[in-house]
Q: 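Got a structure here, written out as structure tokens. Questions coming.
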Amino acid sequence: MTNPPHHILPVYSPPEEVFVRGEGVWLTTDTGERYLDFIAGIAVNALGHAHPKLVGALTEQAGKLWHLSNMFRVAGQERLSDKYCVSSFAEVVFFTNSGTEAIEGLLKIARKYHSAGGQPERIDIIGFKGAFHGRSYGGINAAGNPNYVDGFGPPLPGFKHAEFNDLESVKALINPDTFAAILVEPVQGEGGVRAGTEEFIRGLRELCDAHGALLLFDEVQCGAGRTGKLWAHEWYGVTPDAMAVAKGVGGGFPLGAFMATREAARGMIVGTHGSTYGGNPLAMAVGEAAFDELSNPHFLERVRAMANHLGQSLEGLKDRHPELVLDVRGKGLLRGLKLSTAPKPIQAAARARKLLVGVAGDNVLRLAPPLIVDESHIAQAIDTLDAALNAIHAEAAA
Ligand SMILES: *Cc1c(COP(=O)(O)O)cnc(C)c1O
């Protein structure tokens, strides 16, 4: 095998196109070709590309102050954490540079909570098959996906995995003496775009309450307005003890956070955690501008309207392609088409027709457009997917 003409660690296998510019829902290549972006950097570019308010916030801050260190007060952190807490169950926030780091924070909060309460033996974190929590050792062990943990040494102690949407499988894993927390994505992204049922998410809350354990939500992908509510768990009528966010909250700038009630975070005192870049002034400027847009009730109402439209359109696609499309999954503008075949050829057929979509586990084609999409973009995406599915169908018949 010959080596590729560059020096990037080959852990990804991207297509040939090189995108050099973005505007709204559109991406343009170095040869000037325009693509409709229905994956948005995997649910990151929530406000589309080059949103004027984000560009303005970043460039204004870039001329003032880039970095301080958390050894000093960062004004932007105090403002943005206020906004996160006013808009949620949370009372304290720690800013990170990524979703993975936010997950690490949740895991540390959970174990420290019990050790601070005199029960350091309570270390078990119950996660779910099909979950994704990032690529650190904590993240891969919390999710337990064999493709991501194999070859990286022995599994870390204290991580267990139940079936998503199956409360009995969770109960079967609980040892009251060592049970620390449950970690769940209210809507699984990577694992196949599966929404938790109301009964399941509420049942997890009850199990945690009954055992004095913490309920941890990973809203890295499904939060930040993606489902049509600011935070996905608002659909379920329960709140977690702590939550991780990232992706959409930065709109493309590396930003994440973990947040918690003061009680859940009782062990996180001076010296127990830190970050050099987390919450740096550039990230805070973009994060605040993004939050002001994403949390606007009119904006969220529009996301819900577009989500309904997309959902109905995808159901139509399923009706037209019953052999290929088995199910429409997900919530809001995080949607999956469960296919009867591997999703990558259909993703490639869509890309050949200038539409960018993602894939997820369990043979799912993943759609996560910028939250600013309108009906015309949805119509174009559906037409293109229709053509791509026809092409795959014709190929299979040939
Ligand atoms: C993307 C993702 C992560 C990891 O975030 P990074 O920013 O890639 O570190 C964690 N959890 C979920 C649900 C995600 O979708």
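Keep in mind it's a predicted model, so treat the numbers as computed, not measured. Both ligands and their constituent atoms are indexed starting at 1 by order of listing.
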Q: Could you check Y84, Y277, F258 and say which one makes a ring pair (Phe, Tyr, Trp, His ring centres under 6.0 Å) with F95?
A: Y84

Q: Tell me which protein heavy atom sits closest to atom 6 (P) of ligand 1, plus the residue, atom name and distance to 0.1 Å.
A: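 Answer for atom 6 (P) of ligand 1: G99 N, 3.5 Å.
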
Q: State whether a side-chain donor-acceptor pair under 3.5 Å links D386 with H321.
A: yes

Q: Identify whether the distance between the nearest side-chain nitrogen and carboxylate oxygen of E104 and K108 falls below 4.0 Å.
A: no

Q: Between ligand 1 and H133, can you find any atom pair, the residue atom being a heavy atom, that is separated by under 4.0 Å?
A: yes

Q: Which one of L183, T100, D218, V245 has a non-hydrogen atom at the shortest distance from atom 9 (O) of ligand 1?
A: T100

Q: Can you confirm, on distance only, whether ligand 1 has an N/O atom lying under 3.5 Å from any N/O atom belonging to I103?
A: no

Q: With heavy-atom distances below 4.0 Å as the criterion, list the atoms of ligand 1 near E185.
A: 13 (C)

Q: Treat each ILVMFWY residue as a node, draw an edge where side-chain heavy atoms are under 4.5 Å apart, and state whether Y236 and F164 are in one component.
A: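 Hydrophobic grouping puts Y236 with F164.
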
Q: Report, in ascending order of atom number, the atoms of ligand 1 lying under 4.0 Å from any heavy atom of S98.
A: 7 (O), 9 (O)

Q: Judging by distance only, is a nitrogen or oxygen of K247 under 3.5 angstrom from one on ligand 1?
A: yes

Q: Before accepting this row, confirm whether a basic side-chain N of the pair R194/E185 lies closer than 4.0 Å to the acidic partner's carboxylate O.
A: no

Q: Strictly by modelled atom types, are N70 and Q77 linked by a side-chain donor-acceptor pair under 3.5 Å?
A: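 Yes, a side-chain donor-acceptor pair sits under 3.5 Å.
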
